[in-house]
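Structure first, commentary second.
Here the structure is a predicted model, which means the values were calculated and not measured. Numbers restart at 1 for each chain; the letters A, B, ... are given by sequence-line order, proteins then strands.
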Number of protein chains: 2
Amino acid sequence: MQHNPSQGSNASKPEPGTQPGHTQAGHPQAGAGLLFLREEEFRIAQDKLFFAFRDLNAAPDAILHELGYGRAHHRALHWIGRMPELKVGDLLLILGITKQSLARVLGPLIREGYVEQGKGKVDRRQRLLVLTDKGVALERRLFEAARERLAAAYREAGGPAVEGFRKVLRGMTTEQGRKYLDALEAARSQKGPRILT
Amino acid sequence: MQHNPSQGSNASKPEPGTQPGHTQAGHPQAGAGLLFLREEEFRIAQDKLFFAFRDLNAAPDAILHELGYGRAHHRALHWIGRMPELKVGDLLLILGITKQSLARVLGPLIREGYVEQGKGKVDRRQRLLVLTDKGVALERRLFEAARERLAAAYREAGGPAVEGFRKVLRGMTTEQGRKYLDALEAARSQKGPRILT
DNA sequence: AATATATGACAGCAATGCTGACTTATGTGC
DNA sequence: GCACATAAGTCAGCATTGCTGTCATATATT
């Protein structure tokens, strides 16, 4: 995950050790077989989401750390890159944090020239966020750090699996989040295919 | 996400607002169509993983907050529940944090009777972690809070999609993480089916 | 007996959440 | 045009959860 050089005597042996893994936690008195099977499947989803998240963020985290930034900065860069001219209010809704928490992350990004804010045309109270060239470059660097892992996963799993992957993740997302996913998709139908064909 | 009652004047309108979503961030001069298509697919994975994670944790977070705990406590409870008699060292490797960070989370869980530690039989330096009844109950409560969302996702997406979902997530996981996933799977082949049939 | 390992504990620092309170600019309704 | 609402920013203080460094204790290993 992070930086764990030697120190006193922290964890060491990278061997997972033969864990029994009883999968206890529940099953008071069996009987409703299908119910428990279902439950185990949900727990598997949690297990795997945890590991995927952990391992996908490891490389970007290291880069961010060098720059004195953290994951919160990455999230902001990601979403501003994904939706240029994103309004501050939308970014808050996406991230699910308070204005004050965002400020601490966005402030430095703006001051150090990774993000710029324009005034809204329709509503001039709004600030529309965009990445500067420097911001695009950093976002790209972070993306490339995770890319290999993503590519390997897609390659190993194959096209149909990827489709299922996306379908399930969408299913776990609230209606609010889906609106943003849909907006991205709509943007793709306009601009994406043009590149391909 | 968290608790955001009214305060001064924070974010308000829950309307996503019609975001353009140019999907800029990159594409200097097009040409290698397939490459960029590929890139967009990876970015979609990041988008969706973010939302799924955000929305899946919202309900458990609220419960944890009531108890004065946080996500870190949830992660510990989850993994100890999944792998009873988990060694402290293994938990550290799974979570990817330092011993000192774990201590702050595990200490309270033990003191308040959610987790117990037994001495290792083979190596008596080891502490084997298990959930107490109280711990099982809390873990279950947290699980149930996320369950509905998981169930909806699996239902909407369907069996083959779920298979793909798991395959892709595994692909994003390092070899180290896969060992633990495999250990869980091995445990299932021993005990799981017995319940079903 | 010497050394290595598994765990625990103390101290201090950093990143990133939160709440509360207040300001400034701008839009809207009447 | 005035009253009120909304978008955004800012200051202050607190909590959670990471990190580093240092040291202690029990138990294996050689």
If you compare every side-chain N and O of His73(A) against the phosphate oxygens of dA15(C) (OP1, OP2), does one of them come in below 4.0 Å? no
Base, sugar-phosphate alone, or nothing: which one does Arg127(A) contact when heavy atoms must sit under 4.0 Å apart? sugar-phosphate
Would you mind reading off the distance between Leu92(B) atom CG and dA6(C) atom P, rounded to a whole angstrom? 11 Å
Is the phosphate of dG9(D) approached by Gln117(A) (side-chain N or O, under 4.0 Å from OP1 or OP2)? yes
Is Ala72(A) touching bases, backbone alone, or none of the nucleic acid, heavy atoms closer than 4.0 Å? sugar-phosphate
Answer with base, sugar-phosphate or nothing: what part of the nucleic acid does Gly68(B) contact at a heavy-atom distance below 4.0 Å? sugar-phosphate
To the nearest angstrom, how far is Glu66(A) atom CD from dA15(C) atom P? 14 Å
For Arg125(A) and for Arg111(A), find the nucleotide of DNA chain D with the closest heavy atom, then tell me which residue's nucleotide is more 5'. Arg125(A)
Can you see if the side chain of Thr98(B) gets near the phosphate of dC19(D) - specifically, an N or O under 4.0 Å from OP1 or OP2? yes
On a plain distance test, is the side chain of Gln100(A) in donor-acceptor contact with the base of dG17(C) below 3.5 Å? no
Assign each of Leu129(B) and Val122(A) to its nearest nucleotide of DNA chain C by heavy atoms, then name whichever residue's nucleotide is nearer the 5' end. Leu129(B)
Can the ring centres of Phe50(B) and Trp79(A) be said to be less than 6.0 Å apart? yes
Taking Arg124(B) for the side chain and Lys119(B) for the main chain, is one N or O donor matched with an acceptor at less than 3.5 Å? no
In whole angstroms, the gap separating C1' of dT28(C) from CZ of Arg124(A) amounts to 15 Å
If only side-chain N and O atoms count, and only distance matters, is there a donor-acceptor pair under 3.5 Å linking Asp47(B) with Tyr180(A)? no
Between Gly120(A) and Arg75(A), name the one whose nearest nucleotide on DNA chain C is closer to the 5' end. Arg75(A)
Atom-to-atom span, CG of Leu102(A) to C1' of dT10(D) - whole angstrom: 13 Å
Write down the distance between NZ (Lys99(A)) and P (dT6(D)), rounded to a whole number of angstrom. 13 Å
Arg125(A) meets the salt bridge (Lys or Arg N to Asp or Glu O under 4.0 Å) criterion, sequence neighbours left out, with Asp123(A)
Between Arg71(B) (CZ) and dT17(D) (P), how many Å, whole number? 10 Å
How close or far is atom C1' of dA15(D) from atom CG of Leu64(B), stated in whole angstroms? 14 Å
Look at the side chain of Arg104(B) and the base of dG18(D), then say whether one donor and one acceptor between them are separated by less than 3.5 Å. yes
Could you tell me whether the side chain of Lys167(B) and the main chain of Gly158(A) form a donor-acceptor pair under 3.5 Å? no
For atom CD1 of Ile97(B) and atom P of dC19(D), their distance in whole Å: 6 Å
